[in-house]
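Reviewing the structure listed below.
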Amino acid sequence: MAMRTIDDLDVAGKRVLVRADLNVPLKDGAITDDGRIRASVPTIEKLRAKGAKVIVSAHLGRPKGEVKPEFSLAPVAARLGELLGTEVAFATDTVGDSARATVDGLAGGGVALLENLRFEAGETSKDDAERGAFADELAALAEVYVGDGFGAVHRKHASVYDVPQRLPHAAGGLIATEVAVLKKLTEDVARPYAVVLGGSKVSDKLGVIDNLLGKADRILIGGGMVFTFLKAQGHEVGNSLLEEDQLGTVREYLRRAEENGVEFVLPVDIVAATAFAADADHDVVAADAIPADRLGLDIGPESGKLFASRLAGAKTVFWNGPMGVFEMEPYSHGTRAVAQGLIDSGAFTVVGGGDSAAAVRTLGFDESAFSHISTGGGASLEYLEGKTLPGLQALED
């Protein structure tokens, strides 16, 4: 199904509600990574240039339908204003008096940001009527809807799914780009196709591994989830993260991979520590010889080289999830090696949002060295699982 883009809309002088993804990490009220705000700027600038009155809506954290000051979008409004080079009017509510007054005060080319959508229970309600009632109020603020919050398109939320059904709608530039990239990972894949999966839990990635066993040429596994794979092969994993209930599933994946000719690459060495701490005693040990009193916190240096060598011949690489606890310096080297491996591969490289995108920035890599850094980890994974994403479905004509 085709999606309209902003280019297909006449928005001059019209109130345009943009669902953006501004769900940034905050520490003591300060934004620690503004990647998602920067990613939302081009669509907003394009609408401004067309003379639209831009009403930005977004969520932050999980306040669960209650007003919680620590989840206010006020700091985001300030940063968005700096990036746009114009004042962003901030409404202290979402669909109330402040929102209506703020929107009424907008001139063509002006920008307003509504307070956190998730302060309203109707935004995330499972009850269609409750969600629909909130969507009615939100839609009443605008004449046109632009969906650009890729990080939320896998959620059946009012601002993502219900509002576009009530207004003329189009996809913003960010969503259009993300969908084009995901098609290159699913429909039009340049081979060999390598997938690197990390992060803490196998259970988070079950659906995507299941689907990729029929699509990828090789799958590289690191991060906390690797210990369930090592245990499934009969190895000691000590105090490492382990999902006992997934051992049978993992054995089945390893069997199917062999059957389908998919190469499964597991680490050959592990950085094992005495405790989950940067200053704990730690050593590099063979992946099949983790001491019973230690826990693995990163893939080892030989694994980093192995992974880089298995990426070297690839034409397409998708990476989701760090290789270790990259926030602690001693355990950042595996993630660093994989990021560098993606860059050196010369392949079409996609960093699948969330922690992987944060790791790339935290470890000081140039974002432009990757073909694409996704803004939506969960959304990317669900798309690769073959699921229908409500927010994309609602934007189709």
What I want to find out is whether [X] reaches [Y] closely enough, with some N-O distance under 4.0 Å, to be called a salt bridge.
X: K305; Y: E302; answer: yes
X: K68; Y: E70; answer: no
X: D188; Y: K183; answer: no
X: E82; Y: R79; answer: yes
X: R48; Y: E45; answer: no

- Message: Can you see whether S125 engages D127 through a side-chain donor-acceptor pair at a distance of less than 3.5 angstrom?
- Response: no

- Message: Looking only at the side chains, is there a donor atom on one of D148 and T43 sitting less than 3.5 Å from an acceptor on the other?
- Response: yes

- Give the minimum heavy-atom separation between P330 and A278, together with the two atoms involved. CG-O, 3.3 Å

- Item | Option among L113, N23, V56 that satisfies the side-chain contact (heavy atoms from CB on, under 4.5 Å) test with L73 | L113

- Using modelled atom types only, decide if a donor and an acceptor are shared between the side chain of E123 and the backbone of S159 within a distance under 3.5 Å. yes

- Would you please classify the geometry between the H282 ring and the Y331 ring as parallel, tilted or perpendicular, with 30° and 60° separating the classes? perpendicular

- Message: Taking the side chain as everything from C-beta on, heavy atoms only, tell me whether D283 gets closer than 4.5 Å to R294.
- Response: yes

